[in-house]
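Side chains included, hydrogens not; waters and symmetry mates left out as well; all remaining heavy atoms used. Letters A, B, ... mirror the listed sequences (proteins, then strands); counts begin at 1.
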Amino acid sequence: MDYKEIDRKWQKAWQDAKIFESDVSGKEPYFVTVAFPYVNAPLHIGHVRTYGTADVLARYKRMKGYSVLFPMGFHATGTPILAFAKRLRNNDKELVSELKLFHIPDQEITKMTDPVYIANYFVNEIEFGMHKAGLSIDWRRKFVSTDPFFSKFIEWQFGILNSKGYIIRGKHPVGWCPNENQAVGMHDTKHDTEPDIEKETSIKFKVDGEDAYLICTTYRPETVFGVTNLFVNQDSVYIKCKINGNGIYYISKSASAELKYQINIEQVGEEFRGSEILSKRCLNPLTGAQLPVFNGFFVKEDMGTGVVMSVPAHAPFDYAAIDKLKKEGKALDINPILVLEIPKKPKPGSEGVVISQEDLDVPALRYIEMFKSGAAEDVALESATKLQYKEESHYGKMIVDGYKGMSEPEARDKITKELVSGGKAIELYILANAPVVCRCGYNVVVKVVDDQWFLNYGNPEWKNLAKEAFTGLTVLPEKSRKALSAAIDWIDLRAVARAQGLGTRFPLDKEKIIESLSDSTIYMSFYTVSNVLKEIETKRLTPDLFDYIFLHKGDLGSVSSSTGIDFQVIKRCRESFDYWYRATSRHSGADLIFNHLTMYIFNHAAIFPKENWPKQIVVNGNVLSEGEKMSKSIGNIVPLVDGVEKYGTDVIRALVIASADLFSDSEFSEVAAKGVDERFRYLYDIASKIGEMESGELRHIDYWMYSKLNRKIKTATAQIEKLELRGLSTSVLYDSVLELRKYLSRGEPNGLVVRDYISSIVLMMSPITPHVSEEIWHAIGNDTFASTEKWPSVDESMISDKIEGEEDLLEGIIADSKQVVALMRKGGKEPKSIRLIVADDWKRQLNNGLSKDRNVGAVMDRLNSDEGLTALGIDQSSKDKAIKYVQQLAKRINAIRSVSSTQDDEYKLLNEAKAYLSDSIKYPVTVELESKSASQRAANAAPLRPSIDISS
RNA sequence: GCAGGGGUGGCAGAGUCUGGCCAAAUGCGACGGGCUUAGGACCCGUUUCCUUUGUGGAUGCAAGAGUUCAAAUCUCUUCCCCUGCACCA
């Protein structure tokens, strides 16, 4: 099979026939949209997962008779392509090599210092890739999120959000580059590190006899009761400063350089060494205890404030520092103060060991001991700290008066509030994963911006609307529903305006740009009219127009005259929106649940009337390449065009889209590709031979084939409705090959049967593997498109448990006989012939009776009475045999099934299959009834489990 | 920490909702055999342990406990793994 040729041929044929272009019609509509691609790289095979899954649904619904619209657009707003252009201007080698991975020519790369050029280049590149992937897209409707006519739509959207009061203003911490003077996100930093900002409490310790404070940043303010002293670094530079205009504080100079982005810091006087602070005494803000200041070997001047509170009982580093000082003869009167204890050591399985009083004296020491062997000191202390923090936070209980018995998190919360509200502490943000380095080389700091605009997803009115919209929504797979629901509860403020980036200007502050996830929450509705609006002058696209089209507001005549747009055109837009937005399915990767999809629901709930709220959301997993996550750094990304070239589009599609259930990661690998390829060839091969096959009367195996086929259609239809594509492909692509093999091994195939079977199989494969399906469909002799054929329908009357069960019986007999034959040979005996003995009908009676109530005693009672025997149809002479049989049955009472076939049915079946059985087992087979058998093994016969007597 | 998902045979991965036909589909791998000059492809068999002129038995689906005539499947507890946690597409 020449996949390249097949792909090219059918893609062209579909395009020429325009079978994917859809407009308003009399048919039921179905509208499929996918999260549009961001235009900073060509597609790789991983992208096929989401786009392909949506394509499968679109293709399936088309076959079900719907008018299906599957449009596509492009995302170019935001900062990534700006950063991209800048990196290329700076000759970023890493980026260049990534681009080479995708075979982007050098002369193109040199032009990519212009964001607009980049966007255009990748728009074309991606569209090309989507054609190659065989996506059934209506390309007439494409647009880019930076298109001016789209901006008009976004402005309209934000006008409505603002009028409803969903946009508010406030403070917000961001990662910030002091050099470039701008907010930095993940793709602005080296190694793409997301700045991890955390809120921490900074506690003030008044300096005794001085109107000034030392201030310490801590994760664990509840341990303030256990502070024995403070630490500074004696070699670092410190300053005195005013914070936010009041109070004098000692902090390290480098800390002040970072903190000035979130609080107002005003240096007072000269700078000095940390050693000068050592003589001071401070007061614990809660206990009033007097605390000395020592040199802490581990204190880093740029972490927090450069001043650390010392809790030797609960912090291994503090304990170690005090220990060190003691060895030098200092800090001799410092004794650890316990704040909390772990009542029982939580050790699974070991009941829980009560820690002895001695251990309790200094918990930190215990953790240090656990790690001290081997490791370097700071590594050991780090590990000890981690474990102690974790265990104490998990199991610790406060022992301080007023907080006794509280869990640590509970106490932390309470104490933090008390400290802050009492003016004894302030809250500061820190960069938890510092140092984060900006691409320009400077360290990222936390800046608190105070004029940030937010979308207030926490607004109760809005949240309720969103929840209502969520209620009526189908989520696939069903189990991701909970995650989405949790996301709706959780989402709160979302910053909506940025200082830089491409996109639409923020209406409330034209200096800012609308953040790029926020400008793509309702764009799917825009596809319904984009092909029309793109022909109209941008200035005519007024809010009135959009109100009319999307919200049924206003009057056609006045909208037409105010915008100067022909009323027919406007009317057509509104009809198009009304038509397509009745039945929608929204697709994305699972990673968008917590942002895009949640915002999609909120914004639809805010803007549109209920009938246009989302109907279905589908989320899918990722794609692994040879068992690993695809990543630029590993270099295992398979560019789509390469994959298609090498393996063929449908091999890729079958694996990427359908080798895992929706929620899990699918896997692309060489071996798996080979497997799919083999199956395609097998099916094609059989299909091309149908012409040579005769079509006689239907045999048992033919009926079996029809039964299997119709059962398959039934389950496959249920599966594709829920997009359980792994199940679908297993049954349609893999099991069908097994069934065909079995069928073909049973004598001359019936051409009609094979044709019916393959036709249905090919049509059911078609949404996943459209090109190969099309090819086989035509090889069978059809001249229509498989892509537009009707999805196969089930003929329930052809599904037969009996026939399938009987075939299973034959398989079982073959397997069992072979086993026995092997055993005999092993024992040195050469088998000659095989007798199959069919169980008497009375045994069937007993089985059926016991399968119902499983009451052995009752059956025995009947066997022991004459009437009972007669009722069961058992001869007096067979009584002993019957009792023995029931005793045997009783052993596996749970496995007893009722049987519908009689001894005559079974006898007939086996007799007919005699030739096949003999052939498979390789010994002559005869069949006889139990009652007429002279075999000693006759009594072993059970219904649907004939006794196998092999003579040697 | 919070939220969501998961743990099945050498591996991948069904089965779990709806308990019994489950020593557990299917694919890959491994081993033995056939075919072949050879390799590949293909075909047959084996792939937890025991037992075997017979279609049997034991153990078993992260660990432990429970419910039930019956548990991979239901309940509880514990352990472990993955993903996300915001202004970033």
A.B. asks: Using purine N1 to pyrimidine N3 plus N6-O4 or O6-N4 for Watson-Crick, or N1-O2 and O6-N3 for G-U wobble, both under 3.5 Å, which nucleotide pairs with rA14(B)?
C.D. replies: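 With both distances under 3.5 Å required, rA14(B) matches none.
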
A.B. asks: Want to settle it: does Ser480(A) or Pro946(A) sit nearer the 5' end of RNA chain B, counting the closest nucleotide to each?
C.D. replies: Ser480(A)

A.B. asks: Between Asp801(A) and Arg711(A), does any side-chain N to carboxylate O distance fall below 4.0 Å?
C.D. replies: yes

A.B. asks: Between rA86(B), rC87(B), rA25(B), spot the one nearest the side chain of Glu515(A), thanks.
C.D. replies: rC87(B)

A.B. asks: Report yes if at least one side-chain N or O of Ser516(A) is closer than 4.0 Å to OP1 or OP2 of rA89(B); otherwise report no.
C.D. replies: yes

A.B. asks: Mind checking if Leu493(A) touches a base, just sugar-phosphate, or nothing, with heavy atoms under 4.0 Å?
C.D. replies: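 Base contact - Leu493(A) has a heavy atom under 4.0 Å of at least one base atom.
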
A.B. asks: Please give, in whole Å, the distance from rA3(B) P to Asp591(A) CG?
C.D. replies: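 Distance check: Asp591(A) CG to rA3(B) P gives 21 Å.
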
A.B. asks: Any salt bridge linking Lys722(A) with Glu478(A)? Criterion: basic side-chain nitrogen under 4.0 Å from a carboxylate oxygen.
C.D. replies: no

A.B. asks: With sequence neighbours excluded, what pairs up with Ser664(A) under the side-chain hydrogen bond (donor to acceptor under 3.5 Å, both in side chains) test?
C.D. replies: Asp661(A)

A.B. asks: Atom CG of Leu484(A) and atom C1' of rC85(B): how far apart are they, to the nearest Å?
C.D. replies: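 Taking CG of Leu484(A) and C1' of rC85(B), I get 15 Å after rounding.
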
A.B. asks: Do any side-chain atoms of residues 593-603 of chain A form donor-acceptor pairs under 3.5 angstrom with protein atoms, and if so which ones, sequence neighbours left out?
C.D. replies:
residue: His596(A); atom: ND1; partner: Ser520(A); partner atom: O; Å: 3.4
residue: His596(A); atom: NE2; partner: Arg586(A); partner atom: NE; Å: 3.3
residue: His596(A); atom: NE2; partner: Arg586(A); partner atom: NH2; Å: 3.0
residue: Thr598(A); atom: OG1; partner: Ile593(A); partner atom: O; Å: 2.5
residue: Asn603(A); atom: OD1; partner: Gln157(A); partner atom: NE2; Å: 3.1
residue: Asn603(A); atom: ND2; partner: Tyr457(A); partner atom: OH; Å: 3.1
residue: Asn603(A); atom: ND2; partner: Met599(A); partner atom: O; Å: 2.8

A.B. asks: Closest to the Val671(A) side chain: rA25(B), rC85(B), rC28(B)?
C.D. replies: rC28(B)

A.B. asks: Rounded to whole Å, how long is the line connecting atom CG of Leu597(A) with atom P of rA86(B)?
C.D. replies: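 Interatomic distance, CG of Leu597(A) to P of rA86(B): 18 Å.
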
A.B. asks: Would you kindly give the CG-to-P distance between Leu455(A) and rC87(B), to the nearest whole Å?
C.D. replies: 15 Å

A.B. asks: Between rA3(B), rU26(B), rU55(B), which nucleotide gets closest to the side-chain atoms of Ile948(A)?
C.D. replies: rU55(B)

A.B. asks: Quick one: look up who rC76(B) pairs with, Watson-Crick or G-U, both distances under 3.5 Å, and put none if it's unpaired.
C.D. replies: rG64(B)

A.B. asks: Taking only side-chain N and O atoms of Lys482(A), does any of them lie within less than 4.0 angstrom of OP1 or OP2 on rG5(B)?
C.D. replies: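 For Lys482(A), the contact criterion (side-chain N or O under 4.0 Å from OP1 or OP2 of rG5(B)) is met.
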
A.B. asks: Taking for each residue the nucleotide of RNA chain B with the nearest heavy atom, is it Ile491(A) or Leu517(A) whose nucleotide lies nearer the 5' end?
C.D. replies: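 Its nucleotide being nearer the 5' end, the pick is Ile491(A).
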
A.B. asks: Tell me what His75(A) touches on the nucleic acid: a base, only sugar-phosphate, or nothing, going by heavy atoms under 4.0 Å.
C.D. replies: sugar-phosphate

A.B. asks: What does rC42(B) pair with, Watson-Crick or G-U, if both distances are under 3.5 Å?
C.D. replies: rG34(B)

A.B. asks: Does rA89(B) have its OP1 or OP2 closer than 4.0 Å to a side-chain nitrogen or oxygen of Thr79(A)?
C.D. replies: yes

A.B. asks: When all nucleic acid strands are considered with a 4.0 Å heavy-atom cut-off, which category describes Arg679(A): base, sugar-phosphate, or nothing?
C.D. replies: sugar-phosphate

A.B. asks: Please classify the nucleic acid contact of Ala483(A) as base, sugar-phosphate, or nothing, using heavy-atom distances under 4.0 Å.
C.D. replies: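 Since only primed, P, OP1 and OP2 atoms lie under 4.0 Å of Ala483(A), the category is sugar-phosphate.
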
A.B. asks: If I compare all heavy atoms of Thr77(A) with all of Gly503(A), which pair ends up nearest, and what's the gap?
C.D. replies: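 Nearest heavy atoms, Thr77(A) then Gly503(A): CG2-CA, 3.3 Å.
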
A.B. asks: Tabulate atom names and distances for all N/O pairs under 3.5 angstrom spanning the protein and nucleotides 6-16 of chain B.
C.D. replies:
residue: rG6(B); atom: OP1; partner: Lys479(A); partner atom: NZ; Å: 3.1
residue: rG13(B); atom: O2'; partner: Arg726(A); partner atom: NH2; Å: 3.0
residue: rA14(B); atom: OP1; partner: Asp661(A); partner atom: OD2; Å: 3.0

A.B. asks: Applying a 4.0 Å non-hydrogen cut-off, can you work out what Arg741(A) is touching in the nucleic acid: base, sugar-phosphate, or nothing?
C.D. replies: sugar-phosphate

A.B. asks: Let's see if you can work this out: which of rU55(B), rA41(B), rA25(B) has an atom nearest to the side-chain heavy atoms of Ser947(A)?
C.D. replies: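 So the side chain of Ser947(A) is nearest to rU55(B).
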
A.B. asks: Classify Phe663(A) by what it touches in the nucleic acid, base, sugar-phosphate, or nothing, heavy-atom distance under 4.0 Å.
C.D. replies: sugar-phosphate

A.B. asks: From the list rG84(B), rA86(B), rG56(B), which nucleotide is the closest neighbour of the side chain of Phe594(A)?
C.D. replies: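 Shortest atom-to-atom distance from the side chain points to rG84(B).
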
A.B. asks: Which of these nucleotides, rC87(B), rA89(B), rC42(B), is closest to any side-chain atom of Ala495(A)?
C.D. replies: rC87(B)

A.B. asks: What is the base-pairing partner of rG84(B), counting Watson-Crick and G-U wobble geometry with both distances under 3.5 Å?
C.D. replies: rC2(B)

A.B. asks: Look at the side chain of Asp492(A) and decide which nucleotide, out of rC28(B), rA89(B), rA86(B), has an atom nearest to it.
C.D. replies: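 Out of rC28(B), rA89(B), rA86(B), the nucleotide with an atom closest to Asp492(A)'s side chain is rA86(B).
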
A.B. asks: Check side-chain contact (heavy atoms from CB on, under 4.5 Å) between Ala76(A) and all other residues, then give those that pass, not counting sequence neighbours.
C.D. replies: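 Result, side-chain contact (heavy atoms from CB on, under 4.5 Å) vs Ala76(A): Val39(A), Ile81(A), Ala119(A), Val144(A), Ser145(A), Thr146(A).
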
A.B. asks: Tell me, please, which residues at least two apart from Lys467(A) pass salt bridge (Lys or Arg N to Asp or Glu O under 4.0 Å).
C.D. replies: Asp489(A)

A.B. asks: For Asp665(A), check side-chain hydrogen bond (donor to acceptor under 3.5 Å, both in side chains) against everything at least two apart and list the hits.
C.D. replies: none

A.B. asks: Of all the heavy-atom pairs spanning Arg681(A) and Met1(A), show the shortest one and how long it is.
C.D. replies: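 So the minimum-distance heavy-atom pair works out to NH1-N, 2.8 Å.
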
